[in-house]
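These notes concern the structure reproduced below.
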Amino acid sequence: MTLQFQTPRGTKDILPGEMPKWHYLEHVLRDIFTKYNFREIRTPVFEDTDLFARGIGGTTDIVQKEMYTFLDKGGKSYTLRPEMTAPVVRAYLQHHLGQTKALQKMYYIAPMFRQERPQAGRFRQFHQYGVEIMGTQAPLADVEIITVGVEFLRRLGLKDIHLKLNSVGCLVCRPVYKLELQNQLRPVLEQLCGDCRNRFHTNPLRILDCKKENCRALTEEVDPIDNYLCDECKSHFGEVKALLTEVKIPFEPDKRLVRGLDYYTKTAFEIITDQLGSQDAICGGGRYDMLAKEIGGDAVPGVGFAAGLERLITVMDKAGLFPETDPHLDLYLIGLGDAARSWVYRTAMQLRRNNLICEIDYQQRSLKAQMREANRLNAGFTAIVGENELKNGSIPLKKMETGEQSDIPIEVFAGEIIKSVGRS
RNA sequence: GUGGGAGUAGCUCAACUGGCAGAGCACCAGGUUGUGGCCCUGGCGGUCGCGGGUUCAAGUCCCGUCUCUCACCCCA
């Protein structure tokens with residue numbers, strides 16, 4: 001069958017059958033975020049295009065080629081959000097959240113949009129969860145962010161995850177390092193790949209991140225940024241590492257980790273898994289002390305991460321880490337004949353009001369069909385009601401697992417069921 | 001945006017060098033006129049992704065296109 005309408009390229013329906021996985025992850029996320037005292041924030045799915053252009057940075061791939069941008073009827077340019085940090089900072093500034101509380105700790109679980117070629121672990125609409133702490137430069141805030149991300153993955157039971165850590169400096173020291181990098185690479189500039197030759201001018205730090213064998217070799221001997229960090233960045237980075245060690249969160253310093261968004265300062269980190277192939281980053285984040293100012297507000301420091309739910313689900317599936325979900329019914333009520341169906345319907349309503357999960361047949365199907373349905377729905381019990389039962393005033397209740405059957409007087413049926421099958 | 005692989009029933013897949021489009025599972029019904037799962041029997045279900053071309057004849061060959069998939073770029 002060829003349907004005229006299908007999900008747009010790179011998008012997916014999340015069908016009822018897979019929803020338990022999403023609910024499970026969302027439940028654990030909210031639970032752990034709440035314990036760390038983060039509160040949820042929701043912002044519009046689209047924003048002023050300039051918010052992203054300026055916030056994320058004009059030279060980034062996200063802005064240059066991945067944004068879903070459209071004009072509204074007034075000719076104004078909007079963009080479906082490709083990430084959530086810029087909108088959160090925008091909301092923080094717009095609502096003067098810094099005035100009401102010194103520190104804002106926020107989390108989100110929300111869809112994002114990027115117009116890229118779909119691939120394993122990459123979609124055009126995907127979901128991210130993330131946290132942000134705004135209003136402090138304290139290294140402990142960085143560590144809290146990293147901790148909450150790692151703790152979540154640990155609680156899910158994930159093994160084989162690696163935390164990669166670096167500092168990308170600040171406005172004081174990064175320009176110095178950029179120049180130094182250019183000086184050191186200039187002699188080999190012609191040997192770098194085409195992308196890297198461009199990066200040499202636009203964003204030399206990204207050359208370190210190139211995955212090409214040749215480029216990596218050429219940059220192997222380059223001085224790491226550590227040697228050029230200003231005193232403040234150096235001590236900040238040192239403290240982050242010390243605190244992580246203190247709370248026993250293993251990390252791997254990675255001088256090549258620079259991240260693709262321009263707004264990062266100081267701490268940058270990624271959590272990767274070796275189960276995912278080339279899209280191995282499962283969580284990425286860092287500090288962004290210049291972002292608020294960049295989008296036109298006061299300078300407000302912040303730190304946060306974003307992580308992808310679809311990728312996480314892939315990893316969880318591979319590792320078999322989702323708990324067995326056992327969708328079931330407490331009771332399937334079978335009605336045969338008009339009078340019985342009416343009784344069954346009224347009884348089902350009464351039981352549902354008392355917190356039992358009940359189902360009935362809508363289509364006057366045969367007893368066999370209804371039994372089959374009860375079995376398929378994994379019903380704990382089935383009650384079979386026809387003319388005889390109404391006449392005799394006695395309802396047979398069948399325990400599906402064992403097949404044993406007992407009769408319950410019709411006038412006390414609901415009460416007995418609520419008592420014996422129901423939960424408090 | 002660039003390159004490789006793939007699209008046949010709801011799902012997983014067959015169909016030789018072009019010659020009537022199939023199986024398993026699932027679904028529905030019957031065997032059992034009021035008792036699920038197991039078993040048996042039958043049934044429903046396809047514009048072979050879409051469009052064009054070659055041919056007496058195309059699921060099969062050619063071109064285009066869409067989608068999926070993998071990789072590059074980059075990212076969650």
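From a predicted model like this one, the values you see are computed outputs, not experimental measurements. Throughout, a chain's letter reflects where its sequence line sits, starting with A, and its residues are numbered from 1.
- Here A/E373 lies out of heavy-atom contact (under 4.0 Å) with every strand.
- If you check every strand for non-hydrogen atoms under 4.0 Å, A/Q125 touches nothing.
- With both ends at atom C1', the span from B/C40 to B/C70 equals 45 Å, rounded to whole Å.
- Base-pairing analysis of RNA chain B finds the following stems of at least three consecutive Watson-Crick or G-U pairs, with both pairing distances under 3.5 Å: B:1-7 with B:66-72, B:10-13 with B:22-25, B:27-31 with B:39-43, B:49-53 with B:61-65.
- Between A/Y177 and A/Y228, the ring-plane angle classifies as tilted under the 30° and 60° cut-offs.
- In this structure, the side chains of A/I272 and A/I161 stay at 4.5 Å or more apart for every pair of heavy atoms.
- When only modelled atom types and interatomic distance are considered, A/R206 and A/N203 share no side-chain donor-acceptor pair under 3.5 Å.
- Going from the P atom of B/U2 to that of B/G49 covers 25 Å, rounded to whole Å.
- The separation between A/N388 atom CG and B/U35 atom P is 12 Å, rounded to whole Å.
- Note on A/I384: a base of the nucleic acid sits closer than 4.0 angstrom, heavy atoms only.
- The separation between A/L329 atom CG and B/G36 atom C1' is 13 Å, rounded to whole Å.
- Contacts of A/A306 with the nucleic acid, taken as non-hydrogen atoms under 4.0 Å apart, involve only primed sugar atoms and P, OP1 or OP2.
- Within the 4.0 angstrom heavy-atom criterion, only backbone atoms of the sugar-phosphate kind lie near A/K12; the bases stay farther away.
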Next on the checklist: Quick one, A/R30 with A/E40, criterion salt bridge (Lys or Arg N to Asp or Glu O under 4.0 Å). Give me CA distance, side-chain angles, the key distance, then yes/no.
Outcome noted: CA-CA 9 Å; A/R30 288 180 202 285; A/E40 185 171 9; 2.7 Å; yes
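- Side-chain contact of A/Y107 with A/E132: a donor-acceptor pair under 3.5 Å is absent, judged by distance alone.
- A/R117 comes within 4.0 angstrom of a base, heavy atoms only.
- Closest to the side chain of A/Q128, from the set B/A71, B/G34, B/A76, is B/A76.
- With distances taken from any side-chain atom of A/Q405 to the nucleotides B/G36, B/C28, B/U35, the minimum falls on B/U35.
- Side-chain contact annotation: A/D280 with A/T273, donor-acceptor N/O pair under 3.5 Å absent.
- When the P atom of B/G36 is taken as reference, atom CG of A/L397 falls 16 Å away, rounded to whole Å.
- Checking the phosphate oxygens (OP1, OP2) of B/A76, no side-chain nitrogen or oxygen of A/R122 falls inside 4.0 Å.
- Under the 30°/60° scheme for interplanar angles, the aromatic rings of A/F152 and A/F33 are found to be tilted.
- A gap of 32 Å separates the C1' atoms of B/G1 and B/U8, to the nearest Å.
- Residue-level contact check: A/Q370 touches neither bases nor backbone, having no heavy atom under 4.0 Å from any strand.
- When distances run from any side-chain atom of A/L336 to the nucleotides B/G34, B/C73, B/G36, the shortest one goes to B/G34.
- Under 4.0 angstrom from either OP1 or OP2 of B/A71 there lies at least one side-chain N or O belonging to A/Q119.
- Nucleic acid contact for A/R114: base, since at least one base atom lies under 4.0 Å from a heavy atom of the residue.
- If you check distances only, the side chain of A/E401 never reaches the base of B/G37 with a donor-acceptor pair under 3.5 Å.
- Remark: A/R376 is in phosphate contact with B/C28, judged by side-chain N or O atoms under 4.0 Å from OP1 or OP2.
- Seen from the ring of A/F237, A/K241 counts as a face-on cation partner, given the 6.0 Å and 45° thresholds.
- Using a 4.0 Å heavy-atom distance criterion, A/G130 is classed as making no nucleic acid contact.
- Among the nucleotides B/U67, B/G30, B/G3, the one closest to any side-chain atom of A/K368 is B/G30.
- Contact annotation: A/R365 reaches the phosphate of B/C28 (side-chain N/O to OP1 or OP2, under 4.0 Å).
- With both ends at atom P, the span from B/C27 to B/U17 equals 37 Å, rounded to whole Å.
- Below 30°, between 30° and 60°, or above 60°: for A/Y78 and A/F70 the angle between ring planes is between 30° and 60°, a tilted geometry.
- Interface remark: the A/K398 side chain does form a donor-acceptor pair with the B/U35 base, using a distance-only criterion of under 3.5 Å.
- Using a 4.0 Å heavy-atom distance criterion, A/G10 is classed as a sugar-phosphate-only contact.
- Among residue pairs with one or both ends in residues 377-399 of chain A, those qualifying as side-chain hydrogen bond (donor to acceptor under 3.5 Å, both in side chains) are A/D326-A/N378; sequence neighbours excluded.
- One C1' atom belongs to B/A58, the other to B/A15, and the distance between them is 14 Å to the nearest Å.
- Only the P atoms considered, B/C61 is 30 Å distant from B/C25, to the nearest whole Å.
- The listed nucleotides are B/C70, B/G3, B/C68; the one nearest the side chain of A/A120 is B/C70.
- Here the C1' atom of nucleotide B/G36 and the CG atom of A/D361 are 14 Å apart, to the nearest Å.
- Using a 4.0 Å heavy-atom distance criterion, A/Y129 is classed as making no nucleic acid contact.
- Using a 4.0 Å heavy-atom distance criterion, A/R372 is classed as a sugar-phosphate-only contact.
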